[in-house]
Amino acid sequence: MSKSLPILFVKPGCPWCVKALEWFAQQGVKLDVRDVIANMHEMRQLVAITGQSKCPSLKYGDFIVADFGVDEFIAKAKKRPDVCQELGLKL
């Protein structure tokens with residue numbers, strides 16, 4: 001059974017969010033992108049999942065990376081080869 005798409009919480013105009021979106025696109029990863037500024041429900045979800053309100057933040061099953069730069073995401077993803085394989089990340 002396949003998992004849902006990874007959820008990427010973003011804020012418009014956030015440079016880290018733009019870089020994250022570009023990096024995931026280069027990796028060929030499809031995302032469920034959620035704008036936490038346009039939708040307060042998504043902001044509440046972000047805070048409930050990560051305990052904070054900063055973006056970008058990603059949730060994929062039990063793999064959660066909050067408030068990251070691409071290098072930080074890569075470092076955390078490398079510790080989860082199962083996630084890398086499922087998402088097709090080339091690290």
Side-chain angles (χ1 to χ4, degrees):
M1 176 153 83
S2 67
K3 291 185 180 178
S4 309
L5 291 176
I7 298 169
L8 184 66
F9 295 96
V10 299
K11 294 178 180 176
C14 162
W16 295 276
C17 296
V18 170
K19 287 181 182 176
L21 287 164
E22 289 171 352
W23 185 80
F24 283 113
Q26 290 169 351
Q27 291 284 318
V29 176
K30 292 188 184 342
L31 299 166
D32 178 357
V33 178
R34 310 242 178 125
D35 180 339
V36 300
I37 299 299
N39 186 330
M40 284 310 296
H41 171 73
E42 297 302 342
M43 176 63 85
R44 287 189 293 275
Q45 289 288 96
L46 170 65
V47 173
I49 291 166
T50 66
Q52 51 82 49
S53 63
K54 296 180 180 172
C55 292
S57 292
L58 181 128
K59 179 181 186 321
Y60 180 67
D62 67 349
F63 180 67
I64 298 169
V65 184
D67 183 27
F68 65 87
V70 171
D71 290 342
E72 292 169 292
F73 178 85
I74 291 169
K76 291 185 179 184
K78 284 182 176 180
K79 296 177 182 176
R80 289 290 304 269
D82 58 322
V83 169
C84 292
Q85 183 178 12
E86 288 177 24
L87 296 180
L89 299 176
K90 300 164 231 40
L91 306 178

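All residue numbers in this chain count up from 1 along the given sequence.
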May I ask you to list the residues sharing a hydrophobic cluster with V18, side-chain cutoff 4.5 Å, ordered by chain and number? none
Distance from [X] atom [atom1] to [Y] atom [atom2], nearest 0.5 Å?
X   : Y   : atom1 : atom2 : answer
K30 : L5  : NZ    : CG    : 8.5 Å
D32 : S4  : CG    : OG    : 8.0 Å
C84 : F63 : SG    : CZ    : 7.0 Å

Beyond-backbone contact of L58 with L31, side-chain heavy atoms, under 4.5 angstrom: yes
Return the set of residues passing side chain to side chain donor-acceptor pair (under 3.5 Å) with D35 (not counting sequence neighbours), or none when no residue passes. none
Would you please name every residue forming a side chain to side chain donor-acceptor pair (under 3.5 Å) with D82, sequence neighbours left out? R80
Please tabulate, for the side chains in residues 44-57, all donor-acceptor contacts under 3.5 angstrom to protein atoms that are two or more places apart in sequence or on a different chain.
| unit_1 | atom_1 | unit_2 | atom_2 | d |
| --- | --- | --- | --- | --- |
| T50 | OG1 | L46 | O | 2.8 |
| T50 | OG1 | Q52 | N | 3.3 |
| T50 | OG1 | Q52 | O | 3.0 |
| T50 | OG1 | Q52 | NE2 | 2.8 |
| Q52 | OE1 | K54 | N | 2.5 |
| Q52 | NE2 | K54 | O | 3.4 |
| Q52 | NE2 | S57 | OG | 3.3 |
| S57 | OG | K54 | O | 2.8 |
| S57 | OG | D67 | N | 2.9 |

Filter on side-chain hydrogen bond (donor to acceptor under 3.5 Å, both in side chains), then keep only pairs touching residues 13-29, sequence neighbours left out; what's left? none
ring-ring contact (aromatic ring centres under 6.0 Å, His included) with F24: which residues, sequence neighbours excluded? F73
According to a hydrophobic-cluster definition based on side-chain heavy atoms being under 4.5 Å apart (Ile, Leu, Val, Met, Phe, Trp, Tyr only), do [X] and [Y] belong together?
X   : Y   : result
V29 : I74 : yes
L91 : L8  : yes
I7  : F68 : no
Y60 : V10 : yes

What one should report as the nearest heavy-atom pair of K59 and I64 is CG-CG1, 3.9 Å
Heavy atoms from other residues, nucleotides or ligands near NZ of K90 exceed 12 (cutoff 6.0 Å): yes
